[in-house]
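Dropping a structure here in structure tokens format, bear with me for questions.
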Amino acid sequence: MKEAIVLAGGLGTRLRNVVHNVPKPLAPVNERPFLAYLLDYLAKQGFEHVVLSTGYMHEKISACFGKSHHGIHLSYAVENEPLGTGGGILNAMQYCNNDEMAVLNGDTLFRVNYNELERCFRSHRTDLAVVLRHVDDTSRYGSVALSPDGRIGTFAEKAISSGPGLINGGIYMLRRTLLDACGFNEIKKFSFEKDLLEPFSTHLPFFGLISNAYFIDIGVPEDYCRAQAEFPSLA
């Protein structure tokens, strides 16, 4: 069974001026919730179980999608208080059946080939594979250094990153034991990116998969508006 965790608990503060009274994953794109497009794609990629990590207005997400979507069984891991991306992943893992799972953000549609991600993960025998994407300006995201053998080196923060380069696309395949091995064995608030990826990438073998597939992050109003125009053309 292919499983994924979707991080859908963010407050969406940067979208408040254009999206009202719903959590960010339910932001309407051509009269459909953004999260519906994301789940549609996961269904096409063969996922059978998705755990939605929810928090802010979580009841609206569960009321919208219920227990299934296009053949995907849905579970809900509700955060009673914001746990950050790392705490959200650890909390959601309680509802996963497998030792390995994909993790992705609920406000980003990145149409990667998940079979390729799985092959990268298994061929390198790693505990973590990260999907990377080349962009013209890394300053919004921070950049990622990748060695010729595919191993991730360092993550540069947004403040010191600019120009073209590779960014963290926010999609991972990871082994359940990774968080425990890095000292995160209790559910608490922490950032997966800042507290695990950045410090541990210097001495643990994390690997990257570069994908140039369609990518959009609706976290800012201009890209949310861009989604309205571009989504009708997506097959």
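Residues: numbered from 1 along the sequence shown. Any value given below was found using the heavy atoms of this structure, including those in side chains, with hydrogens, waters and symmetry copies removed.
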> When hydrophobic residues are tied together by side-chain contacts of less than 4.5 Å, even through go-betweens, does Val22 share a cluster with Ile218?
Replying inline: yes
>> Under the rule for side chain to side chain contact (heavy atoms under 4.5 Å, CB included), what residues qualify as partners of Asn168, not counting sequence neighbours?
In response: Val130, Val144, Phe155, Tyr172, Glu193, Leu197
> What distance do Leu39 atom CG and Lys44 atom NZ have between them, rounded to the nearest 0.5 Å?
Replying inline: 12.5 Å
> Which atom pair, heavy atoms only, marks the closest approach of Phe65 to Leu74?
Replying inline: CB-CD1, 3.7 Å
>> Give me the atom names and distance for the closest heavy-atom approach of Leu117 to Ala129.
In response: CD1-CB, 3.9 Å
> Considering only heavy atoms from C-beta outward, does the side chain of Asn97 approach that of Met1 to under 4.5 Å?
Replying inline: yes
>> Show the nearest heavy-atom pair for residues Gly106 and Leu38, with the distance to one decimal.
In response: CA-CD2, 3.9 Å
>> Run the side-chain contact (heavy atoms from CB on, under 4.5 Å) test on Leu35 and Leu52 for me, step by step, so that the C-alpha distance in whole Å, both residues' side-chain angles and the decisive distance to 0.1 Å come before the verdict.
In response: CA-CA 10 Å; Leu35 185 56; Leu52 296 172; 4.2 Å; yes
>> Would Phe207 and Ile152 count as a side-chain contact (heavy atoms from CB on, under 4.5 Å) here? Give the steps.
In response: CA-CA 5 Å; Phe207 286 84; Ile152 291 175; 5.8 Å; no
> So which heavy atom on Pro164 is nearest to which on Thr138, and how close?
Replying inline: C-CG2, 4.1 Å
> Under the salt bridge (charged side-chain N to carboxylate O under 4.0 Å, His left out) rule, what pairs show up with a residue in residues 126-136, not counting sequence neighbours?
Replying inline: Asp127-Arg175
> Hey, quick one: are Leu209 and Val103 part of the same hydrophobic cluster, counting side-chain heavy atoms closer than 4.5 Å, chains of contacts allowed?
Replying inline: no
>> Strictly distance-based, threshold 3.5 Å: is any side-chain N or O of Tyr95 a donor or acceptor partner for the main-chain N or O of Ser53?
In response: no
> Do Leu179 and Met93 have side chains that get closer than 4.5 Å, going by heavy atoms?
Replying inline: yes
>> Donor-acceptor check, side chain of Glu3 to backbone of Asn98, threshold 3.5 angstrom: yes or no?
In response: yes
> Of all residues at least two apart in sequence or in a different chain, which pass the side-chain hydrogen bond (donor to acceptor under 3.5 Å, both in side chains) check with Asp149?
Replying inline: Ser147
> Is any side-chain heavy atom of Val220 closer than 4.5 Å to a side-chain heavy atom of Arg140?
Replying inline: yes
>> Any side-chain to backbone donor/acceptor pair from Thr108 onto Asn105? Under 3.5 Å, distance only.
In response: no
> At what distance, to the nearest 0.5 angstrom, does NE2 of His73 lie from NE2 of His49?
Replying inline: 4.5 Å
> Given the rule that I, L, V, M, F, W and Y join up when any side-chain heavy atoms are under 4.5 Å apart, are Phe121 and Phe200 in one cluster?
Replying inline: no
>> Once side-chain hydrogen bond (donor to acceptor under 3.5 Å, both in side chains) is applied, what residue pairs with a partner in residues 196-211 remain, sequence neighbours excluded?
In response: Lys194-Glu198
> With sequence neighbours excluded, what pairs up with Ala181 under the side chain to side chain contact (heavy atoms under 4.5 Å, CB included) test?
Replying inline: none
> Do you reckon Leu104 sits in the same ILVMFWY cluster as Ile61, going by side-chain contacts under 4.5 Å, direct or chained?
Replying inline: yes
> Can you list the residues that meet the side-chain hydrogen bond (donor to acceptor under 3.5 Å, both in side chains) rule with Gln45, with sequence neighbours excluded?
Replying inline: Tyr41
> By side-chain hydrogen bond (donor to acceptor under 3.5 Å, both in side chains), which residues pair with His134, not counting sequence neighbours?
Replying inline: none
> Between atom OH of Tyr141 and atom CG of Asp217, what is the distance when rounded to the nearest 0.5 Å?
Replying inline: 4.5 Å
> Would you call Phe34 and Leu109 a side-chain contact if the rule is heavy atoms closer than 4.5 Å?
Replying inline: yes
> Do you know the tightest heavy-atom contact between Ala227 and Asn30?
Replying inline: O-ND2, 4.3 Å
> Which pairs count as salt bridge (charged side-chain N to carboxylate O under 4.0 Å, His left out) when at least one residue sits in residues 63-76, sequence neighbours excluded?
Replying inline: none
>> Show, in sequence, the C-alpha distance, side-chain angles and deciding distance for Leu42 and Val6, and conclude whether the side-chain contact (heavy atoms from CB on, under 4.5 Å) test is met.
In response: CA-CA 10 Å; Leu42 291 179; Val6 175; 4.1 Å; yes
> Within the distance-only criterion (no hydrogens, no angle test), does the side chain of Tyr224 pair as donor or acceptor with the backbone N or O of Pro28 below 3.5 angstrom?
Replying inline: yes
> With sequence neighbours excluded, what pairs up with Gln94 under the side chain to side chain contact (heavy atoms under 4.5 Å, CB included) test?
Replying inline: Asn91, Ile187
> Between atom OG1 of Thr126 and atom CG of Leu174, what is the distance when rounded to the nearest 0.5 Å?
Replying inline: 10.0 Å
> Heavy atoms, side chains only, cut-off 4.5 Å: are Met101 and Arg176 in contact?
Replying inline: yes
> Is any side-chain heavy atom of Asp40 less than 4.5 Å from a side-chain heavy atom of Arg32?
Replying inline: yes
>> Could you work out, with salt bridge (Lys or Arg N to Asp or Glu O under 4.0 Å) as the rule, every residue matching Asp180, not counting sequence neighbours?
In response: none
> How long is the span from the CG atom in Leu132 to the CZ atom in Phe110, to the nearest 0.5 Å?
Replying inline: 8.0 Å
> Glu118: what forms a salt bridge (Lys or Arg N to Asp or Glu O under 4.0 Å) with it, not counting sequence neighbours?
Replying inline: Arg122
> Any chance CD of Glu186 has more than 12 other-residue heavy atoms, nucleotides or ligands included, within less than 6.0 Å?
Replying inline: no
> Counting distance only, does the side-chain N/O of Arg151 pair as donor-acceptor with the main-chain N or O of Gly208 below 3.5 Å?
Replying inline: no
> Got a second to check how far Cys120's SG is from Asn115's CG, nearest 0.5 Å?
Replying inline: 13.0 Å
> Tyr114 and Phe47: aromatic ring centres closer than 6.0 Å?
Replying inline: yes
> By side chain to side chain contact (heavy atoms under 4.5 Å, CB included), which residues pair with Lys60, not counting sequence neighbours?
Replying inline: Asn21, Pro23, Leu26, Met57
>> Which label fits Phe231 and Tyr214: parallel for a plane angle under 30°, tilted from 30 to 60°, or perpendicular past 60°?
In response: perpendicular
> Hey, mind stepping through Met173 and Leu128 against side-chain contact (heavy atoms from CB on, under 4.5 Å) and telling me if it holds?
Replying inline: CA-CA 6 Å; Met173 187 163 186; Leu128 176 67; over 6 Å; no
>> Cation-pi check for Phe215 against Arg111: NZ or CZ below 6.0 Å from the six-membered ring centre and within 45 degrees of the axis, yes or no?
In response: no
> Donor-acceptor pair, Ser75 side chain versus Val51 backbone, under 3.5 Å?
Replying inline: no
> Taking the side chain from Asn113 and the backbone from Glu116, do they hold a donor-acceptor pair closer than 3.5 Å?
Replying inline: yes
> Side-chain heavy atoms under 4.5 angstrom apart, residues restricted to Ile, Leu, Val, Met, Phe, Trp, Tyr: same cluster for Leu7 and Leu178?
Replying inline: yes
